[in-house]
Amino acid sequence: MSATGGNSFETQNHLIWERISSDPGEALEMADRVYTEAEKCQDRAAMSTAIFNRAWALVYLGRNQEAIRQFNHDLAFFTEPDSEHAAWVYNGMVAAFSNLGILDEALDCLAKVHEINEKTGRRQPSLIARLNTGWMNIELEQWDKALEHLRAVEAAVSAGDQLPDPGNLLEAIGICLVHLNRYEDAEDYFRLADLCPQSSHDELYQVSVALNRSIILEQTGQGAAAMAQAGSAMAKATAIGNQPLATKSLLRLIEIRLVFGPVGDSRALLDETLAMDDTAYPQGERIKALILRSTLAEQAGDLTAALRDLKEARRREARLAQDRATIKLEVLNGRLALEKERRAHEAARFRTQDLELLNNNLEWVNR
């Protein structure tokens with residue numbers, strides 16, 4: 001079968017996949033055209049891939065709710081439940097749910113990715129799904145659960161399985177151990193991760209480890225060293241243009257200053273940070289910044305400003321929880337509608353098959 005321009009659907013879909021990260025808007029238009037042409041030819045495989053590409057283009061465009069609807073549509077009508085493609089679809093949904101901050105749904109999708117890859121014997125993708133489950137639990141601050149998954153991956157690697165980036169596993173285990181107050185063990189894992197080529201050249205890794213080392217130093221009473229680590233993380237994140245990480249590092253620095261002092265220009269820095277547009281960094285960090293500024297205002301005796309920031313933080317927390325609940329409800333309603341449509345579609349197909357069988361029997365009797 002051919003798509004627009006004489007290229008096969010497979011070639012066209014491959015071109016779209018390569019275009020998604022650089023120009024998601026154009027990739028979206030291309031995926032729509034391929035889907036329309038494939039539908040005319042009733043090429044279900046090409047239709048499924050076009051929808052998959054369309055969903056990923058929507059993720060890159062920040063339209064995550066639409067992306068989830070597309071991924072679900074792909075699963076409901078085109079994708080075999082335990083196929084490799086189904087695992088890819090669930091991985092896409094992990095990204096979309098994570099972007100929306102709905103991490104429990106992201107975890108459910110990761111569990112499906114792991115289950116499918118285990119059933120089909122795809123060992124490395126299965127391990128990566130388990131590793132990502134550990135990272136997701138770290139995001140949720142469920143340190144024991146995270147460590148359980150990460151230890152399982154560590155055991156598999158020790159038994160001979162391979163990971164493309166072993167430093168990523170070592171870093172994750174180290175982070176869990178930091179938050180479980182096992183500081184010496186955490187440092188051992190960070191030192192091992194430092195020796196991995198991917199980690200040693202990865203600036204995001206360097207920022208992450210600096211932030212976690214600042215926790216160790218703070219908890220062991222080394223305030224100046226802790227501030228130096230947080231400051232180093234902020235400088236690195238700023239240098240590579242990662243505003244969310246730079247903001248996270250700044251908030252870490254101010255947290256340490258509140259314990260060890262002096263607070264210096266912390267309030268002015270928070271004023272600058274909170275003056276940024278809401279899209280500049282996650283809402284969770286903005287809420288944290290408001291709480292920190294409220295604490296600084298209270299320490300300075302400005303109770304009116306302290307109360308104002310605290311109320312704003314609580315209002316944003318409530319709004320964030322409400323937004324996530326609304327999105328989850330929309331996703332669930334969308335899935336129910338798709339399931340209803342799928343059942344109706346299957347029933348119509350079975351009726352058609354029964355009629356065809358009946359007609360064939362009548363023809364045979366007539367002959």
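What you see below is based on every heavy atom in this structure, not just the backbone, and it leaves out hydrogens, waters and symmetry mates.
Ion pairing of Arg191 with Asp188 is present here, as a side-chain N (NZ or NE/NH1/NH2) and a carboxylate O approach within less than 4.0 Å. The pair Arg33-Glu37 fails the salt-bridge criterion, with no side-chain N (NZ, NE, NH1 or NH2) lying under 4.0 Å from an Asp/Glu carboxylate O. Salt bridge status for Arg69 with Glu66: absent, with no side-chain N to carboxylate O gap under 4.0 Å. Salt bridge annotation for Arg252-Glu218: present, with a cationic side-chain nitrogen under 4.0 angstrom from a carboxylate oxygen. Using a 4.0 Å cut-off between charged nitrogen and carboxylate oxygen, Arg213 and Asp194 count as a salt-bridge pair. Between Arg335 and Glu339 there is no salt bridge, since no side-chain N of the basic residue sits under 4.0 Å from a carboxylate O of the acidic one. With respect to Asp74 and Arg54, no salt bridge is recorded, no charged nitrogen being found less than 4.0 Å from a carboxylate O. Under the 4.0 Å criterion applied to side-chain N and carboxylate O atoms, Arg319 and Asp323 are assigned as salt-bridge partners.
By the criterion of side-chain heavy atoms lying less than 4.5 angstrom apart, applied directly or through intervening Ile, Leu, Val, Met, Phe, Trp or Tyr residues, Leu217 is not grouped with Leu177; the two fall into different hydrophobic clusters.
Listed for the Arg324 side chain is a donor-acceptor partner under 3.5 Å among the backbone atoms of Gly101. A donor-acceptor pair under 3.5 Å is formed between the side chain of Arg257 and the backbone N or O of Val263. Counting only distance, with no hydrogens or angles, the side chain of Thr49 and the backbone of Ala45 share a donor-acceptor pair below 3.5 Å. For Asn212 (side chain) and Ser208 (main-chain N/O), a donor-acceptor pair under 3.5 Å exists by modelled atom type. A distance-only check finds a donor-acceptor pair linking the side chain of Thr247 to the backbone of Gln243 [under 3.5 Å]. Judged by distance alone, with hydrogens and angles left aside, the side-chain atoms of Ser83 form no donor-acceptor pair with the main-chain N or O of Thr79 at under 3.5 Å. Using a distance-only test at 3.5 Å, with no hydrogens or angles considered, no donor-acceptor pair links the side chain of Ser126 to the main chain of Arg122. With Gln42 contributing its side chain and Glu39 its backbone, the two residues share a donor-acceptor pair below 3.5 Å. The backbone N or O of Ile216 lies less than 3.5 Å from a partner atom in the side chain of Thr220, making a donor-acceptor pair. For Glu285 (side chain) and Pro244 (main-chain N/O), no donor-acceptor pair under 3.5 Å exists by modelled atom type.
A side-chain donor-acceptor contact under 3.5 Å links Arg130 and His149. For the residue pair Tyr183 and Asp185, no side-chain donor N or O sits within less than 3.5 Å of a side-chain acceptor on the partner. Under 3.5 Å, the side chains of Glu18 and His14 contain a donor-acceptor pair of N or O atoms. A side-chain donor-acceptor contact under 3.5 Å links Asn168 and Trp135.
Here Trp88 and His85 bring their ring centres to under 6.0 angstrom of each other.
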Problem - CA sep, side-chain torsions, deciding dist, call: Lys236, Gln206, side chain to side chain contact (heavy atoms under 4.5 Å, CB included) - result: CA-CA 8 Å; Lys236 281 188 173 72; Gln206 292 164 15; 3.2 Å; yes
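Note: Trp56 and Phe52 have perpendicular aromatic rings, judged against thresholds of 30 and 60 degrees for the angle between ring planes. In this structure, Phe78 and His73 have perpendicular ring planes: the angle between them is above 60°, well past the 30° mark.
Contact record, Ala306 with Ala297: N-CB, 3.7 Å, taken as the closest heavy-atom pair. The two residues Val113 and Ala87 come nearest to each other via the heavy atoms CG2-O, 3.6 Å. Between Leu61 and Gly25 the shortest heavy-atom distance is CD2-N, 4.0 Å.
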